[in-house]
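As C-alpha cells, the structure follows; a few thoughts come after it.
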Amino acid sequence: MEQLQAGQVQERDGERSLLYKTSGTCSQYIEVGVKDGKVSRCIFHGGCSGNTQGIARLVTGQSPREVISRLDGVCCGTKHTSCPDQLCRALEALTQSDV
C-alpha cells in the first residue's frame with residue numbers, strides 16, 4: 001500500500017484510510033481504515049503497546065458508529081482524552097471526509 005500522509009484520506013481497493021495525528025495522548029498517530037462499513041485496519045503508533053493492540057483487535061470488524069458509541073469520551077488518567085477517544089476522532093474524520 002502507498003505511504004499514508006498524515007491528515008489525508010486515501011482510498012484504494014474499496015478501503016478508505018487515514019493516518020491521524022493524535023492530540024493529548026502517548027500515541028502519536030493512528031492508522032485507520034474502513035472497508036464495507038467496518039473498521040478494516042487500526043494501528044496505533046506509540047502509546048501503551050498492550051492496550052493499543054487490544055483496542056485495535058476489539059474494534060476491527062466493527063462499524064465506525066459502534067466504535068464511536070462505545071469509546072467516545074474515554075479519558076486516560078487526568079487527561080481529557082485517551083487513545084480510544086482519539087480513535088473516535090480519527091474515525092469521524094475518516095467517515096465524514098470526501099476523497
Side-chain angles (χ1 to χ4, degrees):
M1 177 173 229
E2 297 174 22
Q3 179 93 10
L4 291 174
Q5 299 297 316
Q8 295 180 351
V9 174
Q10 296 181 7
E11 188 162 346
R12 183 172 179 164
D13 299 327
E15 180 186 63
R16 290 173 58 90
S17 56
L18 172 67
L19 182 62
Y20 181 81
K21 173 73 174 127
T22 60
S23 175
T25 61
C26 297
S27 65
Q28 298 169 342
Y29 292 94
I30 304 170
E31 187 177 331
V32 65
V34 173
K35 185 174 183 175
D36 299 327
K38 305 288 183 187
V39 176
S40 53
R41 181 168 22 136
C42 181
I43 303 167
F44 288 83
H45 297 270
C48 304
S49 181
N51 289 337
T52 56
Q53 286 182 61
I55 293 164
R57 289 182 186 188
L58 289 170
V59 303
T60 300
Q62 301 296 312
S63 74
R65 179 178 287 176
E66 181 68 20
V67 172
I68 293 166
S69 74
R70 291 175 182 250
L71 300 180
D72 187 36
V74 170
C75 296
C76 184
T78 59
K79 298 176 184 177
H80 296 288
T81 190
S82 65
C83 290
D85 187 60
Q86 288 293 293
L87 174 58
C88 294
R89 304 294 76 76
L91 287 168
E92 288 170 345
L94 179 62
T95 58
Q96 294 176 4
S97 66
D98 293 326
V99 176

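Remember, it's a predicted structure, so these values are computed and weren't measured experimentally.
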Passes side chain to side chain contact (heavy atoms under 4.5 Å, CB included), His45 versus Ile43? Steps please. CA-CA 6 Å; His45 297 270; Ile43 303 167; 4.0 Å; yes

State the CZ-CG distance between Arg12 and Leu4, to the nearest 0.5 angstrom. 10.5 Å

Can you tell me which residue among Lys38, Lys35, Arg41 is in a salt bridge (charged side-chain N to carboxylate O under 4.0 Å, His left out) with Glu15? Arg41

Could you tell me which non-hydrogen atom of Thr81 sits nearest to which non-hydrogen atom of Gly24, and how far apart they are? CG2-O, 3.6 Å

Decide side chain to side chain contact (heavy atoms under 4.5 Å, CB included) for Glu31 and Ser17; before the verdict, give the C-alpha distance in whole Å, the side-chain angles of both, and the deciding distance to 0.1 Å. CA-CA 7 Å; Glu31 187 177 331; Ser17 56; over 6 Å; no

Taking all atoms of both residues into account, what is the closest heavy-atom pair of Leu18 and Gly7, and its distance? CD1-C, 3.7 Å

To the nearest 0.5 Å, tell me how far Ser82 OG sits from Ile55 CD1. 7.0 Å

Trace of the side chain to side chain contact (heavy atoms under 4.5 Å, CB included) decision for Phe44 with Thr22: CA-CA 10 Å; Phe44 288 83; Thr22 60; 5.9 Å; no

Just how far is it from atom CD of Gln28 to atom NZ of Lys21, taken to the nearest 0.5 Å? 6.0 Å

Reported CG-to-CG distance for the pair Leu19 and Leu94, which is rounded to 0.5 angstrom: 11.5 Å

Flag the pair Cys26 / Lys79 as yes when at least one side-chain heavy-atom distance between them is below 4.5 Å, and no otherwise. yes

Audit row: Leu71, Val59, side chain to side chain contact (heavy atoms under 4.5 Å, CB included) steps and yes/no: CA-CA 10 Å; Leu71 300 180; Val59 303; 4.0 Å; yes

Donor-acceptor pair, Ser27 side chain versus Cys83 backbone, under 3.5 Å? no

For the CD atom of Gln86 and the CD atom of Glu92, what is their distance to the nearest 0.5 Å? 10.0 Å

Can you check whether Asp85 reaches Asp72 side chain to side chain, under 4.5 Å on heavy atoms? yes

Donor-acceptor check, side chain of Ser40 to backbone of Gly33, threshold 3.5 angstrom: yes or no? yes

Spacing of CD1 belonging to Ile68 relative to CZ belonging to Arg89, to within rounding of 0.5 Å: 7.0 Å

Of all heavy-atom pairs between Glu66 and Ser69, which one has the smallest distance, and what is that distance? O-OG, 2.9 Å

